[in-house]
Amino acid sequence: MHIHWYPGHMAKAQRMIRGQLDLIDVVIELVDARIPLSSANPVIAELIETKPRVVALNKSDLAEPARTAEWLNYFRNRGLTAVTLDAASGKGTKELTGRVEQEANEKIAKLVAKGIKARAVRAMILGIPNVGKSSLINRLLGTATAKTGDRPGVTRGQQWIKVGKNLELLDTPGVLWPKMDDQEVAFKLAVTGAIKDDIFDMEKVILKLLGVLRESYSDRLVERYKLTQQLPEDTVELLAAIGAKRGCLRSGGVIDYEKAGRIVLTDFRTGKLGQFTLDRPEQMVTSEANPVPTNDNMSLV
Ligand SMILES: Nc1nc2c(ncn2[C@@H]2O[C@H](COP(=O)(O)OP(=O)(O)OP(=O)(O)O)[C@@H](O)[C@H]2O)c(=O)[nH]1
Ligand SMILES: [Mg+2]
């Protein structure tokens, strides 16, 4: 799905989610474990108000485990339930659904105390594009006792997926917009694939990525592309060195920078350059001090 987020889209998404929230006991907020801060929607807390939520750090297979542990602590220290997830393989789904049920138990118990019959916990998934919402739904469908419940959701065509005995999931996730005005955040969203490639300046993003890799992960570059230990200072030269090693040449032996850049980006996104976490919990403070305006069009890097 290709979405350009404009104020009108955001307002519509917000309205739809608000409508659905009335039916829901718990929100599953998916974020990208590589960028838990940058992949979080700027207004989610405001949007879901007091509704319990479970934060799932998805794509944890692509993130640095030690950093993921730091992020889990970060969320838990702030009283949020947080789990790690790999929705592609299904690792972590059991813990996630267990936590979701736990979060709603109090509410269900209150209903029961009022004489209302106990019912399954109702949840929905929220997250920015490409964070893994559909993958998670497919994974949960795999374990579902019934593919769809018989009660419709609020939007026509929406249904409930019954997961186990005590959990029902809305089969359509809420798509949230990402943060859009901070260039550093935009870079992280672009390199991880949260923003479609055709709306950012690919060349700049790749050169910036090479700068980050050169600075903090040079050994991985050397190993993957069989480069000399002393990497070129200049990222364009570095890209040329990678291109030369990978045979990215145009006629006349000129380096095909675009092709070389694609290789680096794909290797980064698919884990072939190892695991990466680009956000640090320490950054959280500055970001809270500078709330991100959301009525901005995408103008990237
Ligand atoms: N490595 C890895 N890849 C994942 C994981 N979860 C999802 N993906 C991949 O990420 C890409 C996007 O996943 P989707 O499930 O389509 O994401 P989505 O949130 O539904 O995206 P939209 O529908 O565009 O909003 C796909 O290529 C998935 O295979 C994960 O935990 N690990
Ligand atoms: Mg999807």
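Numbers here simply count residues along the sequence, with the first being 1. Note that ligands are numbered from 1 as they come in the structure, with each ligand's atoms numbered from 1 the same way.
Among S134, G193, G174, the residue whose heavy atom lies nearest to atom 16 (O) of ligand 1 is S134. Scanning R269, K133, K59, R139 for the heavy atom closest to atom 9 (C) of ligand 1 points to K59. When the heavy atoms of V175, D61, N58, D32 are ranked by distance to atom 1 (N) of ligand 1, first place goes to D61. Considering G132, A194, A33 only, the shortest heavy-atom separation from atom 17 (O) of ligand 1 involves G132.
With ligand atoms numbered from 1 in the order given, ligand 1 contributes 2 (C), 3 (N), 4 (C), 5 (C), 6 (N), 30 (C), 31 (O), 32 (N) to contacts under 4.0 Å with heavy atoms of A88. The S135 neighbourhood of ligand 1 comprises atoms 7 (C), 13 (O), 14 (P), 15 (O), 28 (C), with distances under 4.0 Å to a heavy atom of that residue. Near N130, the atoms of ligand 1 lying under 4.0 angstrom from a non-hydrogen atom of the residue are 11 (C), 12 (C), 17 (O), 18 (P), 19 (O), 21 (O), 22 (P), 24 (O), 25 (O). Those atoms of ligand 1 that come under 4.0 Å of a heavy atom in A87, given as number and element, are 6 (N), 30 (C), 31 (O). Against a heavy-atom cut-off of under 4.0 Å, D86 is close to the following atoms of ligand 1: 30 (C), 31 (O), 32 (N).
Under the 30°/60° scheme for interplanar angles, the aromatic rings of F276 and F268 are found to be tilted.
Using a 4.5 Å cut-off on side-chain heavy atoms (C-beta onward), P173 and I137 make contact. Contact of the V83 side chain with the L57 side chain is not registered, since no non-hydrogen atoms from C-beta on lie closer than 4.5 Å. Looking at D32 and N130, their side chains never come closer than 4.5 Å, going by heavy atoms from C-beta outward. You'll find the side chain of L238 stays beyond 4.5 Å of the side chain of L207, heavy atoms only.
Between L136 and ligand 1, not a single N/O pair is under 3.5 Å apart.
Side chain to side chain, S89 and D86 meet the donor-acceptor criterion of an N or O pair below 3.5 Å.
Figure legend: cation-pi geometry between K208 and F187, with NZ or CZ positioned under 6.0 Å from the six-membered ring centre and within 45° of its axis.
For L62, every heavy-atom contact with ligand 1 shorter than 4.0 Å involves the side chain, none the backbone.
Among the atoms of N130, no N, O or S atom is found under 2.8 Å from the Mg ion (ligand 2).
Under the salt bridge (Lys or Arg N to Asp or Glu O under 4.0 Å) test applied with D25, the options K107, K51, R122 reduce to a single match, K107.
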